[in-house]
Colleague: 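Structure below; questions to follow.
Reminder, nothing fancy here: chain letters follow the sequence lines and each chain counts from 1.
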Amino acid sequence: MPVTLIRDTVTAPKIKVTRLEMKDEQGNKQVLTRAAAIRDAIRVMKSDRDGWYVIKRNGSSSTTQTNKGKDRTSIHSHQHTGAPNPKETAAVAEYVQSLKDAEGGAWSTAEFVQRAGISRQALQERRDSFTIVYWTDAKRHCHYPKWQFDSNLQVNRYVRDILALLSTHDTLKVLTTFLVPSIGEPGVSALRLIQSGQGEKAFEYVRAITDEH
Amino acid sequence: MSTDSGSGKPAPLDVEFRIVPALKQYVHKTKREVVWRIHGHDKMADKPYGPIFFSDLGASRWDFRAPDPHDPYSAGVLCVGRIFEAAIVETFGKQWPSVLAPVSGLAPYASARVLTPDDVDRKYMSRITVPEGLRLFDLTRLGAMSSIGHGLDAWITATKDYATTRTWAQWFFRCKEIDGLIYSSRPGGAQTINFVLFNRPGVSSTLSFSSTRARTLRQWPVRLAKAGRLLNFTVLPPLPAPLP
């Protein structure tokens, strides 16, 4: 694999990088704007001798000059500059949709607010405090999987305990933790354990994974 | 040696494991080597855990809980991969579905391997240098497990029944003639070789790692992409943040 480390573009004294745009293999973009994060990313790129990166600045098609005169710089992993594979993209979309549709699907915020008789503000607080499972759609609207609730629309106790262990806004991490049949053999999901009265076992499994140092 | 057979048996903790002459051929002496380890994020301190940590948390295949909490050397194992992919399999293999191929009628999430944004942004991959001369019992060698007997077979490296595999870890750990094990994670194939290093005074003090800042898995983009192809997993893009 060719190794090219481009230094001058980012270390030349007159160039101040204020924004880094990075793309991964799927074409997902990550934008860094904090100086420390930019510095770290550049350091990592320079030290990764297995990869090579192209840093595009003024004059290249993906670079613009902001009206404050600051450079906007795009860094692409060279291996990843091709368009995302449509087949892979479709498979990922199908995978994520299957998580969203699992076990009866989900209620929208409007539906849940109406059913549970709570305010949107209270719902947001629950999301922020990791006490309710949710996911977002492309328009950034929230949805609440039905499988987490009991008949009184209360979040199941073990679901709440596991959410507290995870303490993350990575909603895909939360959904996969509950739904993927990865516990034991032939493989059962944490949700299935909870539904079959073995919530403690599900909790212990997730605790073990999150405990790992 | 026992001639018992069958998978899934716990280790015979009432029997001492010794490196008898017939087993000496399976003890591998390490050369100085760089290996890979994935370590987590300390949420309380909001920083990575250190790459070298001998675990007795009871969290994975080999880290049995310390039988004597007052003896710092009564337990503790450090699992490392000889290649990048081996460390990936050992860390994430247990959260992948047990069915490893698409099956008609199963939802995609029930049969596909993925890493989520947290997995690649909140897990770190570091390189650790293993010194020369550690004695590792090589379970990957033909005949090694059957020579031990007591029903030990490759099941131990593939199963998710960690309560049982940890009894074997404890059984091996008690043998002071070895410093660890070599095994291959079956979900990753024969190439995904891992070391299990035991917490001994002569082991933990000889390991070293680069002191530069830890890199998340996402910060190894080329290796991660290659591992994805080899192990057939996908890194999921994050879902958008909720509207305020």
Side-chain angles (χ1 to χ4, degrees), chain A residues 1 22 24-28 30 40-41 43-44 47-48 50-52 77 79-80 88 91-92 94-99 101-102 124 127 134-142 166-173 175-177 179-187 189 207-213, chain B residues 38-40 42-43 49-50 53 55 57-60 63 91 93-99 106-112 114-123 158-162 210 212-213 215-216 218-226 228 234-244:
Chain A
M1 180 172 293
M22 306 160 74
D24 67 12
E25 194 173 24
Q26 281 86 35
N28 304 309
Q30 187 184 0
D40 283 348
R43 183 186 57 75
V44 164
S47 64
D48 184 2
D50 293 328
W52 56 306
S77 163
Q79 188 194 31
H80 301 159
E88 273 180 30
V92 166
E94 189 188 2
Y95 182 95
V96 172
Q97 196 57 47
S98 75
L99 288 172
D101 293 343
Q124 184 181 336
R127 292 198 307 267
Y134 70 97
W135 50 262
T136 51
D137 59 25
K139 293 180 176 173
R140 300 170 61 192
H141 295 140
C142 291
L166 295 172
S167 293
T168 179
H169 288 299
D170 177 1
T171 46
L172 291 171
K173 181 73 189 171
L175 293 176
T176 54
T177 299
L179 294 171
V180 172
S182 58
I183 306 173
E185 284 157 355
S189 67
R207 188 196 56 76
I209 284 182
T210 52
D211 258 1
E212 280 187 306
H213 285 212
Chain B
I38 293 178
H39 45 116
D42 183 348
K43 287 179 181 167
Y49 288 113
F53 176 74
S55 173
L57 298 170
S60 59
D63 63 338
T91 300
K94 54 181 160 292
Q95 66 190 50
W96 286 336
S98 300
V99 176
L106 274 185
Y109 68 75
S111 61
V114 299
L115 299 185
T116 73
D118 255 14
D119 292 333
V120 292
D121 293 325
R122 309 278 278 184
K123 292 279 187 189
T159 182
K160 291 183 177 179
D161 176 5
Y162 294 156
S210 163
T212 54
R213 190 168 165 181
R215 292 164 61 172
T216 64
R218 198 186 288 281
Q219 289 171 325
W220 295 95
V222 178
R223 286 185 183 273
L224 187 63
K226 181 182 164 206
T234 304
V235 179
L236 296 177
L239 296 183
L243 284 171

Colleague: In terms of heavy-atom pairs under 4.5 Å with chain B, which of A:Cys142, A:Ala102, A:Gly184 leads?
Modeller: A:Gly184

Colleague: Quick one, B:Pro244 and A:Arg140 - any side-chain contact, counting heavy atoms below 4.5 Å?
Modeller: yes

Colleague: Given heavy-atom pairs under 4.5 angstrom as the criterion, report whether the side chain, backbone, both or neither of A:His169 touches chain B.
Modeller: neither

Colleague: What is the distance from atom NE2 of A:His213 to atom CD1 of B:Ile38, rounded to the nearest 0.5 Å?
Modeller: 15.5 Å

Colleague: Would you check if B:Pro242 and A:Gln124 make a side-chain contact, meaning some heavy-atom pair closer than 4.5 Å?
Modeller: no

Colleague: Going through the checks in order, is the side-chain contact (heavy atoms from CB on, under 4.5 Å) test met by B:Thr234 and A:Tyr95?
Modeller: CA-CA 10 Å; B:Thr234 304; A:Tyr95 182 95; over 6 Å; no

Colleague: Looking only at heavy atoms, what is the nearest atom pair of A:Thr136 and B:Pro240, with distance?
Modeller: OG1-O, 2.5 Å

Colleague: I need the A:Glu212 CD to B:Leu57 CG distance, nearest 0.5 Å.
Modeller: 8.5 Å

Colleague: Looking at A:Pro181 and B:Ala110, what are the two nearest heavy atoms and their distance?
Modeller: CD-CA, 3.7 Å

Colleague: For the interface with chain B, which of A:Ile209, A:Asp137, A:Leu175, A:Leu179 has the highest count of heavy-atom pairs at distances below 4.5 Å?
Modeller: A:Leu179

Colleague: Can you tell me how far OG1 of A:Thr177 sits from CG of B:Asp118, rounded to the nearest 0.5 angstrom?
Modeller: 9.0 Å

Colleague: At a 4.5 Å cut-off on heavy atoms, which part of A:Asp101 comes close to chain B: side chain, backbone, both, or neither?
Modeller: neither

Colleague: Measure B:Tyr109 against the heavy atoms of chain A and call it side chain, backbone, both or neither at under 4.5 Å.
Modeller: both

Colleague: Write down the atom of B:Leu239, the atom of A:Trp135, and the distance for their closest heavy-atom approach.
Modeller: CD1-CB, 3.9 Å

Colleague: Just so I understand: if I count every heavy-atom pair under 4.5 Å between each of A:Leu99, A:Val96, A:Thr210, A:Thr176 and chain B, which residue has the most?
Modeller: A:Leu99

Colleague: Got a second to check how far B:Asp63's CG is from A:Asp211's CG, nearest 0.5 Å?
Modeller: 9.5 Å

Colleague: Are the side chain of B:Thr116 and the backbone N or O of A:Leu172 linked by a donor-acceptor pair below 3.5 Å?
Modeller: no

Colleague: Relative to chain B, which segment of A:Leu166 carries a heavy atom at a distance below 4.5 Å: side chain, backbone, both, or neither?
Modeller: backbone

Colleague: Within this structure, what is the CZ-OG1 distance for the pair B:Arg122 and A:Thr168, rounded to the nearest 0.5 Å?
Modeller: 7.0 Å

Colleague: In terms of heavy-atom pairs under 4.5 Å with chain A, which of B:Val114, B:Thr91, B:Asp42, B:Leu115 leads?
Modeller: B:Val114

